[in-house]
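Below is one structure, written out as structure tokens, with a few remarks after it.
Whatever order the structure lists them in is the order used to number ligands and atoms, beginning at 1. All heavy atoms count here, side chains included; hydrogens, waters and symmetry mates do not.
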Amino acid sequence: MHKKKVIVTGVGGQLGWSIQQLSSQYPAFDFLFVDKEEMDLSNPASVAGFIQQNIPDYFIHCAAYTAVDKAETERETALAINATSVAEIARQCALVNAKLVTISTDYVFDGNGTSPYKVDETINPINYYGYTKWLGEKAALENNADTVIIRTSWVYCQHGHNFVKTMLRLMNEREEIKVVDDQVGCPTYAPDLAKAILTILHESEKGNRHTGTYHFSNSGIISWYDFAVAIRDLSGLSCNVLPLPSSAYPTPAKRPAYSVMDTSKIVDDYHVQLTNWKESLQVCLKELASL
Ligand SMILES: NC(=O)c1ccc[n+]([C@@H]2O[C@H](COP(=O)([O-])OP(=O)(O)OC[C@H]3O[C@@H](n4cnc5c(N)ncnc54)[C@H](OP(=O)(O)O)[C@@H]3O)[C@@H](O)[C@H]2O)c1
């Protein structure tokens, strides 16, 4: 059987790593995992050369400039990695007839909503990182018709840097911590998103060729404070967690008050399964405890 070739970027990051962990369960695909050394996103010639040399059937783009606060000042770098390189990837994928799956963010919205954001709702990026990711979305869709964009939010897992690991460290170091309670959204366990992406590839092979923009997160709606309390309780820690207004925790990049996304389209089109945030948090904490 001819195996379909899949390039996955950002293997050192949370999502790329999670796809690598799951990849052995998808023997129909031949995966090629890459990071900066093999393909530097800040260098368009490196992107073009790598894709033309390896000629993938699918390209899963997990790498990005993800330093949200730094992006406010490192604008050129954020733009080059999150927008310019995505245009080049999409162009090169179109040349070799590869389907592109690329990841975007809830920060393309302004966070003033009061009901879950639908995929076609008005874009108004809340910060510069969100703006660069929005330009990346447009560049992908304009340059390769066979593109799936997945916006996600609050990504965490046992690998890499994230809120869950920071909370566990702080809760072990301190008797009391304060966490913002006026920003609500939904966490995304990276292995759940990885599984959704691999489901899309599997469905594509069966002839399900939907394209366009999708939303994916775990299900449920919580604040960062709720998330922290659950991390503490499920880990059996005793740290006192206090609610804090965002106004008392200023950051260089603005954060949305409301960033819940409507995930129904990915379920309808690609039969992706959604897991409740608490269930997935439990899985992650168990994995972390076994390390
Ligand atoms: N994390 C979140 O909460 C969140 C929320 C919404 C959307 N997203 C999106 O979800 C996707 C996956 O995020 P993640 O959490 O897995 O990110 P991550 O853990 O920060 O990993 C990012 C990856 O991109 C790589 N990278 C950065 N600059 C690069 C360059 N110039 N060339 C090649 N590779 C480069 C990094 O490599 P190095 O480590 O070597 O720099 C790293 O492997 C991204 O598109 C992100 O924008 C994330």
Residue contacts for ligand 1, heavy atom to ligand atom, distance under 4.0 Å: G10, G12, G13, Q14, L15, D35, K36, M39, D40, L41, S42, C62, A63, A64, T66, I81, I103, S104, T105, Y129, K133, T152, W154, V155
Which atom pairs, donor and acceptor, lie under 3.5 Å between side-chain atoms of residues 229-239 and protein residues at least two apart or in another chain?
residue	atom	partner	partner atom	Å
R232	NH1	C239	O	3.2
S235	OG	I231	O	2.6

Under 4.5 Å side-chain heavy-atom separation, chaining through any Ile, Leu, Val, Met, Phe, Trp or Tyr, what else clusters with L79? Say none if it is isolated. Y128, Y131, L135
The residue among W154, Y249, Y156 that forms ring pair (Phe, Tyr, Trp, His ring centres under 6.0 Å) with W224 is W154
For the residue pair F227 and F163, does the interplanar ring angle fall in the parallel (under 30°), tilted (30 to 60°) or perpendicular (over 60°) class? parallel
Listing request: all ring pair (Phe, Tyr, Trp, His ring centres under 6.0 Å) pairs with a residue in residues 79-105, at least two apart in sequence or in separate chains. none
Relative to Y214, does K265 satisfy both conditions: NZ or CZ under 6.0 angstrom from the six-membered ring centre, and within 45 degrees of the ring's axis? yes
